[in-house]
Amino acid sequence: MLSSLGAAGNWYNWLRGTVSFYFPLVLTVIGVMCIAVTPRRWQLLVMSAGGMLGLEILAVVLHKGPEALMLEAMAVTAAVTGVFQYIRMKVEGPKWEK
């Protein structure tokens, strides 16, 4: 699941011109393969993205990197978390229907 999150962040970095094309491409392929074989995949993706967002917030609070770059990473991770949560809600449906 972390491959999917890494792929999202590295595609963003590739668009900014800071990483090569092959790194996000490989992470995307690995992430798609993991998603394809994992049960309850959307719930796990939401939890992974939320955990990654928590680590990024902690890094900003502890001043463990350039703040502007970390804030950009937090924005991308928050957007990815929101997309995964939306897809999870659409795919799994309301809990009371099951």
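The chain is numbered in sequence order, starting from 1.
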#### Entry: By side chain to side chain contact (heavy atoms under 4.5 Å, CB included) - contacts of Glu67 (at least two apart)
His63
## Note on the structure
By side chain to side chain contact (heavy atoms under 4.5 Å, CB included), Leu58 pairs with (sequence neighbours left out) Leu62
### Query
Applying the 4.5 Å side-chain criterion to the ILVMFWY set and letting contacts propagate, would Met89 and Phe84 be lumped into a single cluster?
no
### Query
Hydrophobic cluster mates of Leu71, side-chain heavy atoms under 4.5 angstrom, ILVMFWY only, any path?
Leu53, Ile57, Val60, Val61, Met70, Met74
### Task
Considering non-hydrogen atoms only, spot the tightest contact between Thr81 and Val46 and give its length.
CG2-O, 4.4 Å
